Amino acid sequence: MRKKSLIDYKIFVPSLIIMIGISIPFALYEAESLELLNAIFDSIVNNFSWGYLWYGVILVVAGLYLSFSKYGQVVLGDPKEKPRFTLFEYASILIAMGVGSTIMRTGMLQWTSVANDPPAGVEAGSAEALLWGNAYSMFLWGFQVFAIFVMIAPAMGYILHVRKRPLMRISEACRVLFGDKFTDGIGGRLLDVLFLISILAGASVTLGLGAPIITQNLSHLFGIQVNFTLTITVTIIWVLLFSLSAYLGIERGIKRLSTWNMYIAGFFAVFILIGGPGVFILNYFSDSVSFLLSNYLNMSLNTDSVHQGEASHIQSNTVFWYAYSATWAMLHSVFAAKISRGRTIKEMILTYLLAPTLISWIATGVLGGLGVHRYLSGDLSVLNLVKENDRMAAIPDILSTLPFGEVAIIIFMVVALIFLTTTLDSTTYTVAAYTSTRDMSKFEPPKLLRIIIAAIITGFALVLMRIGGLAPLEVISGLMGLPVIIIQFILIYAAKRMIDEDRAWSNNIR
């Protein structure tokens with residue numbers, strides 16, 4: 001009897017070939033590629049800002065509809081079965097996957113981009129610009145982006161835990177709409193290859209962009225220069241961590257890291273409040289939330305159509321943020337579906353909409369509040385620092401103003417490193433599950449396959465960091481969000497169609 005292959009080469013090999021084919025010209029002609037891709041992206045901003053903004057709003061509405069209609073009570077699995085994780089563990093895993101280390105970067109420095117380039121009619125560096133800055137940073141980690149992340153999950157969770165389909169793939173969820181011929185043929189392969197390309201590209205970019213969060217802090221602590229040797233050393237340590245976590249699996253690896261990091265991050269926030277300008281941070285947090293809620297619709301739908309000139313940071317960055325988030329949507333949803341056995345569709349969607357949003361707003365309030373206070377008090381010229389130097393270099397400068405500044409930098413690095421690890425171990429685990437030939441409704445993805453995926457992601461990232469091509473790949477990751485958006489709406493309808501066919505809103509509820 002022929003032994004079954006560990007991996008589905010029909011979707012994995014084409015994905016790798018396309019990734020290599022994309023990356024080579026980026027590396028050889030980085031400046032030209034970046035110029036071309038940015039021109040394409042600027043054209044999208046100019047012509048389709050309105051579409052991306054409405055896309056985010058529509059997904060939030062769709063999420064609320066699925067949650068509070070009869071579909072929300074459908075259990076993903078046996079209604080008699082207890083959820084796989086407690087609510088705290090479940091929320092912690094989704095937070096770690098949803099926000100990752102990016103919140104450490106945007107929470108501390110995103111306000112500077114808006115303060116330096118505020119909306120039309122607002123003076124750069126003014127008090128109003130500072131309020132726009134932190135409020136916008138919170139907006140980025142609001143309901144729209146987490147709706148983007150989770151809205152494929154109902155379809156994926158349903159095929160995996162209710163219909164017990166062996167393959168946890170986008171193509172499989174589309175079977176109810178397009179039939180067996182499409183799903184088992186070239187159409188289904190194309191969908192699965194698109195998933196893998198978008199995730200491999202996004203993971204490589206995350207690994208490449210995440211390293212400076214650690215290297216710049218190490219440089220500040222030990223007075224050493226940031227070079228490729230330091231970067232590769234940090235990256236290898238990080239890769240070993242997320243490979244080990246992915247190897248151990250969800251229960252022993254990802255879950256433990258995620259829950260530990262919630263406690264460490266909470267301690268770090270209290271440390272900043274007590275050792276830093278706690279009263280100012282709490283006041284500024286209140287002002288930021290108030291300003292955000294007062295301007296939420298404005299940030300959600302405003303395109304500055306009556307203002308002439310170039311798009312402000314808020315306008316262009318929101319479109320890129322949604323587009324880039326869309327490339328990660330399939331990964332987040334597939335992973336959320338895998339860990340949601342025993343949860344209702346309502347519990348899954350609302351936990352993803354609320355838990356990461358709450359943590360992100362707190363992180364932005366504390367980290368952003370510290371930076372703004374140092375700018376206003378004159379301790380640091382933060383707005384000039386982010387213009388003149390590597391942006392990440394401003395983080396240790398801000399943290400070092402705290403009592404026991406070196407301790408603060410170390411704790412920051414630990415939290416950031418664990419967030420980076422939980423993001424990529426979740427990614428590695430999910431890609432392994434997606435490409436595995438095992439029955440994913442019953443088993444975990446093979447451990448060897450998880451290590452292979454980790455090695456491939458690391459290899460891409462290190463090569464692109466060394467020879468160039470990472471910046472163009474980041475832009476192409478954003479552009480790849482366009483087809484994913486179409487797939488999202490198809491899969492939302494597919495989830496409704498499957499649930500209606502099975503009458504699960506009456507047969508599969510608690």
Side-chain angles (χ1 to χ4, degrees), residues 54-85 87 90-91 93-94 97-98 142-165 167-179 183 191 195 325-326 328-357 440-441 484-510:
W54 277 106
Y55 153 67
V57 172
I58 290 169
L59 283 187
V60 172
V61 172
L64 294 176
Y65 169 72
L66 284 183
S67 297
F68 293 102
S69 65
K70 61 185 178 182
Y71 302 101
Q73 60 188 331
V74 173
V75 177
L76 298 173
D78 185 344
K80 298 176 184 177
E81 184 181 28
K82 286 185 177 181
R84 183 175 180 182
F85 303 104
L87 185 58
Y90 182 61
I93 296 171
L94 292 181
M97 179 64 173
F143 307 115
Q144 280 97 315
V145 74
F146 294 116
I148 291 172
F149 285 164
V150 78
M151 287 310 296
I152 295 176
M156 300 305 298
Y158 196 83
I159 64 165
L160 187 67
H161 301 304
V162 181
R163 289 200 166 182
K164 304 291 184 182
R165 301 299 299 176
L167 299 178
M168 190 175 66
R169 295 182 185 167
I170 302 296
S171 58
E172 192 64 46
C174 290
R175 188 181 294 274
V176 68
L177 299 179
F178 301 133
T183 301
L191 285 178
F195 171 89
S325 296
W328 284 92
M330 292 192 284
L331 172 73
H332 284 265
S333 285
V334 170
F335 183 74
K338 179 66 177 173
I339 68 169
S340 293
R341 189 181 72 227
R343 293 284 171 189
T344 64
I345 288 176
K346 179 179 182 179
E347 288 170 341
M348 178 174 65
I349 292 175
L350 292 186
T351 302
Y352 219 137
L353 286 182
L354 298 176
T357 296
M440 284 299 106
S441 69
V484 175
I485 291 170
I486 298 169
I487 294 171
Q488 277 182 301
F489 287 111
I490 290 173
L491 289 180
I492 291 170
Y493 178 65
K496 180 181 183 302
R497 179 83 169 266
M498 287 187 287
I499 293 170
D500 284 338
E501 278 187 1
D502 298 343
R503 293 181 62 85
W505 28 262
S506 63
N507 301 327
N508 211 74
I509 62 174
R510 291 197 184 110

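Quantities reported herein were computed from a predicted structural model and do not represent experimental measurements. In what follows, residues are counted from 1 in the order of the sequence shown.
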> Hey, does L160 have a side-chain heavy atom less than 4.5 Å from the side chain of E172?
Replying inline: no

>> Checking L94 against I339 for the side chain to side chain contact (heavy atoms under 4.5 Å, CB included) test, could you report, in this order, the C-alpha distance in whole Å, the side-chain angles of both residues, the deciding distance, and whether it holds?
In response: CA-CA 9 Å; L94 292 181; I339 68 169; 3.8 Å; yes

> Does the side chain of E347 come under 3.5 Å of the side chain of Y90 through a donor N or O and an acceptor N or O?
Replying inline: no

>> Which heavy atom of V484 sits nearest to which heavy atom of A329, and what is that distance?
In response: CG1-CB, 4.4 Å

> Which distance, rounded to the nearest 0.5 Å, do you find between the NE2 of H332 and the CZ of F335?
Replying inline: 10.0 Å

>> Show, in sequence, the C-alpha distance, side-chain angles and deciding distance for R343 and L87, and conclude whether the side chain to side chain contact (heavy atoms under 4.5 Å, CB included) test is met.
In response: CA-CA 10 Å; R343 293 284 171 189; L87 185 58; 4.2 Å; yes

> Do you know the tightest heavy-atom contact between I58 and F489?
Replying inline: CG2-CE2, 3.8 Å

> Could you walk me through whether I349 and M151 pass the side chain to side chain contact (heavy atoms under 4.5 Å, CB included) check?
Replying inline: CA-CA 8 Å; I349 292 175; M151 287 310 296; 4.2 Å; yes

>> For a quick test of reading the model, state the closest non-hydrogen atom pair linking A153 to A337 and the distance between them.
In response: O-CB, 3.9 Å

> Between Y71 and Y65, how do the two ring planes meet: parallel, tilted or perpendicular, split at 30° and 60°?
Replying inline: tilted

>> Counting C-beta onward and ignoring hydrogens, is there a side-chain heavy-atom pair between F68 and L350 closer than 4.5 Å?
In response: yes

>> With heavy-atom distances below 4.5 Å as the criterion, would you say the side chains of L491 and M330 are in contact?
In response: no

> Quick one: does P356's side chain get under 4.5 Å of Y352's, heavy atoms only?
Replying inline: yes

>> Checking the side chain of R165 only, and the main-chain atoms of A173 only, is there a donor and an acceptor separated by less than 3.5 Å?
In response: no

> V75 and P79: which non-hydrogen atoms are nearest, and at how many Å?
Replying inline: CG1-CA, 4.0 Å

> Closest approach of L66 and P154, non-hydrogen atoms and distance?
Replying inline: CD1-CG, 4.1 Å

> Roughly how far apart are I509 CD1 and T344 OG1, rounded to 0.5 Å?
Replying inline: 11.0 Å

>> Nearest 0.5 angstrom please: R341 CZ to M348 CE, how far?
In response: 14.5 Å

> What distance do S333 atom OG and F195 atom CZ have between them, rounded to the nearest 0.5 Å?
Replying inline: 9.5 Å

> How long is the gap from CD1 on I490 to CG on L191, to the nearest 0.5 Å?
Replying inline: 7.5 Å

> Any side-chain heavy atom of D502 sitting closer than 4.5 Å to one from N508?
Replying inline: no

> Between R163 and E501, is any pair of side-chain heavy atoms under 4.5 Å apart?
Replying inline: yes

>> Does R510, at its CZ atom, have more than 12 non-hydrogen atoms belonging to other residues, nucleotides or ligands within less than 6.0 Å?
In response: yes

> Would D500 and W505 satisfy side chain to side chain contact (heavy atoms under 4.5 Å, CB included), going step by step from the backbone distance to the final call?
Replying inline: CA-CA 8 Å; D500 284 338; W505 28 262; 2.9 Å; yes

> With a 4.5 Å limit on heavy-atom distance, are the side chains of M156 and I170 in contact?
Replying inline: yes

> With side chains defined as the heavy atoms from C-beta onward, is the minimum distance between Q144 and V57 less than 4.5 Å?
Replying inline: yes

>> What's the separation between atom CD1 in I485 and atom CG in L59, rounded to the nearest 0.5 Å?
In response: 8.5 Å

